[in-house]
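Written out below as structure tokens is the structure these notes cover.
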Number of protein chains: 2
Amino acid sequence: MEGTSRKIAILDAASKIVAEKGIFYLTLDAVAEEAGISKGGLLYHYRSKEVLVEKMVEHLASNYKSKIDSHAAEDSEEKGKRTRAYLDVTFKNTYKNKDMHAGLLAAKAINPTLLNPIHEVYTEWQHDIENDGLDPIMTTIIRLATDGIWLADLFDINPIDSEQKELIYNTLRKWTFER
Amino acid sequence: MEGTSRKIAILDAASKIVAEKGIFYLTLDAVAEEAGISKGGLLYHYRSKEVLVEKMVEHLASNYKSKIDSHAAEDSEEKGKRTRAYLDVTFKNTYKNKDMHAGLLAAKAINPTLLNPIHEVYTEWQHDIENDGLDPIMTTIIRLATDGIWLADLFDINPIDSEQKELIYNTLRKWTFER
DNA sequence: GAATATGGACCGTCTGGTAGGTATAATGTA
DNA sequence: TACATTATACCTACCAGACGGTCCATATTC
């Protein structure tokens with residue numbers, strides 16, 4: 001198999017394991033098996049577990065970022081489009097969010113400095129959201145509320161029913177057009 | 001030493017380790033050392049690591065809950081007091097939040113069903129917040145935004161400066177009086 | 001002397017990582 | 001063109017250390 005796609009397949013295998021089974025199941029053996037490769041083969045591509053997680057986080061962050069960027073690009077209304085992109089992508093694409101959760105958790109657990117790429121992406125988003133043609137306090141609150149939904153998903157502590165959730169989404173979205 | 005206080009000291013030692021060093025450092029040996037006890041002694045009080053984490057989560061959840069309850073009880077304005085309590089306690093007491101993070105992360109990592117006590121607490125809070133004498137959508141958004149701050153703290157991905165944070169806090173708090 | 005509380009040696013298992021090998025493809029060179 | 005060399009992409013076997021947990025001895029208290 002050609003190198004690059006196998007390397008990405010390994011990263012996908014890793015985040016799948018974390019998302020489905022938890023961080024303690026993220027072992028080199030498990031990743032190797034999930035990716036259909038031997039441990040030696042795995043370590044050929046990523047020379048340590050830490051490097052593997054580092055690349056996994058970067059991969060997830062860049063995927064997430066490009067998804068939000070393209071969503072914003074497709075928005076015809078200039079004002080609030082970046083806030084809307086963040087809101088829409090995070091509120092909707094639930095499955096992929098789980099992978100992102102996986103990356104965050106793994107990074108935080110193994111070595112918090114691995115969160116740096118995420119940090120950068122968030123700093124950029126926050127800047128965009130504060131300069132989105134609307135009141136920055138309001139757009140930041142929209143972002144934070146979106147993150148709140150995310151947190152609830154992450155820990156499966158979401159006591160908000162889907163009907164209520166939809167109403168909240170609608171309210172937040174309406175705010176991205178006002179003022 | 002008397003039994004109960006030692007048991008609690010062990011739980012505190014455990015959450016301290018997770019908060020300061022991460023989940024992978026939460027070993028029985030490390031907890032025993034932090035609590036100034038031998039591993040045998042530790043296992044006398046908690047017969048397995050899973051039980052230890054279970055009790056730790058319950059302990060943290062009950063602490064957090066009583067803090068919010070007492071804050072709400074001290075609020076003289078009936079309308080919105082539960083939402084305010086959640087907002088104030090979570091926005092302010094940052095250090096103790098780290099312990100709560102610790103509990104959530106450890107539970108999620110070791111066995112997601114250990115999150116059940118947290119789940120119950122949150123369900124109760126959500127109910128309170130939706131019946132706080134204000135528009136439930138608004139109070140829920142306040143809660144979610146508060147959680148968003150929390151998430152950012154958890155992963156150290158908080159690109160919001162403290163001045164901005166204060167403005168957001170003021171705005172959210174103002175909302176708990178309106179309507 | 002029984003219950004409670006703690007210490008410490010020990011064990012089986014799992015894990016990250018190493019060592020060293022093989023097969024195939026790419027590249028150089030006579 | 002034929003042959004030699006290297007680089008790429010894996011695999012198997014293995015090891016040293018860490019970890020959860022057991023077992024049993026010992027204090028201390030009531």
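To find a chain, count down the sequence lines: A is the first, B the second, and so on, and within it residues start at 1.
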Discussion item. Check this one for me: any side-chain N or O of A:R6 less than 4.0 Å away from OP1 or OP2 of D:dC10?
Written reply: yes
Discussion item. For B:T113 and B:N111, which I'm curious about, is there any donor-acceptor pair between the side chains at under 3.5 Å?
Written reply: yes
Worksheet item: Can you tell if the side chain of B:E34 reaches within under 4.5 Å of the side chain of B:D12, non-hydrogen atoms only?
Response: no
Practice prompt. Mind listing the residues from residues 23-37 of chain A sitting with a heavy atom below 4.0 Å of DNA chain C? Number order is fine.
Written response: A:L26, A:T27, A:L28
Discussion item. For a quick test of reading the model: is some side-chain N or O of B:Y44 closer than 4.0 Å to OP1 or OP2 of C:dA5?
Written reply: yes
Practice prompt. Indicate whether the side chain of B:T83 and that of B:D132 have a donor and an acceptor atom separated by less than 3.5 Å.
Written response: yes
Fill in: Side-chain donor/acceptor of B:K39 to base of D:dG21, under 3.5 Å
yes
Worksheet item: Within this structure, what is the NZ-to-C1' distance between B:K49 and D:dC19, rounded to whole angstrom?
Response: 8 Å
Item to complete: State whether A:H45 places a side-chain N or O below 4.0 Å from either non-bridging phosphate oxygen (OP1 or OP2) of D:dC10.
Response: yes
Fill in: Whole-Å distance separating the CG atom of B:L52 from the P atom of D:dG20
10 Å
Practice prompt. May I ask you to check whether B:D147 and B:Y86 show a side-chain donor-acceptor distance below 3.5 Å?
Written response: yes
Discussion item. Can you measure A:Y46 atom OH to C:dT18 atom C1' for me and round it to whole angstrom units?
Written reply: 21 Å
Worksheet entry | Nearest-Å distance for atom pair NZ/P, residues B:K7 and C:dT4 | 11 Å
Worksheet item: How many Å lie between CG on B:L43 and C1' on C:dA9, as a whole number?
Response: 14 Å
Worksheet, complete the sentence: The salt bridge (charged side-chain N to carboxylate O under 4.0 Å, His left out) partners of B:E163 (sequence neighbours excluded) come to none
Worksheet item: How are the rings of B:Y64 and B:W125 set to each other: parallel, tilted or perpendicular (split at 30° and 60°)?
Response: perpendicular
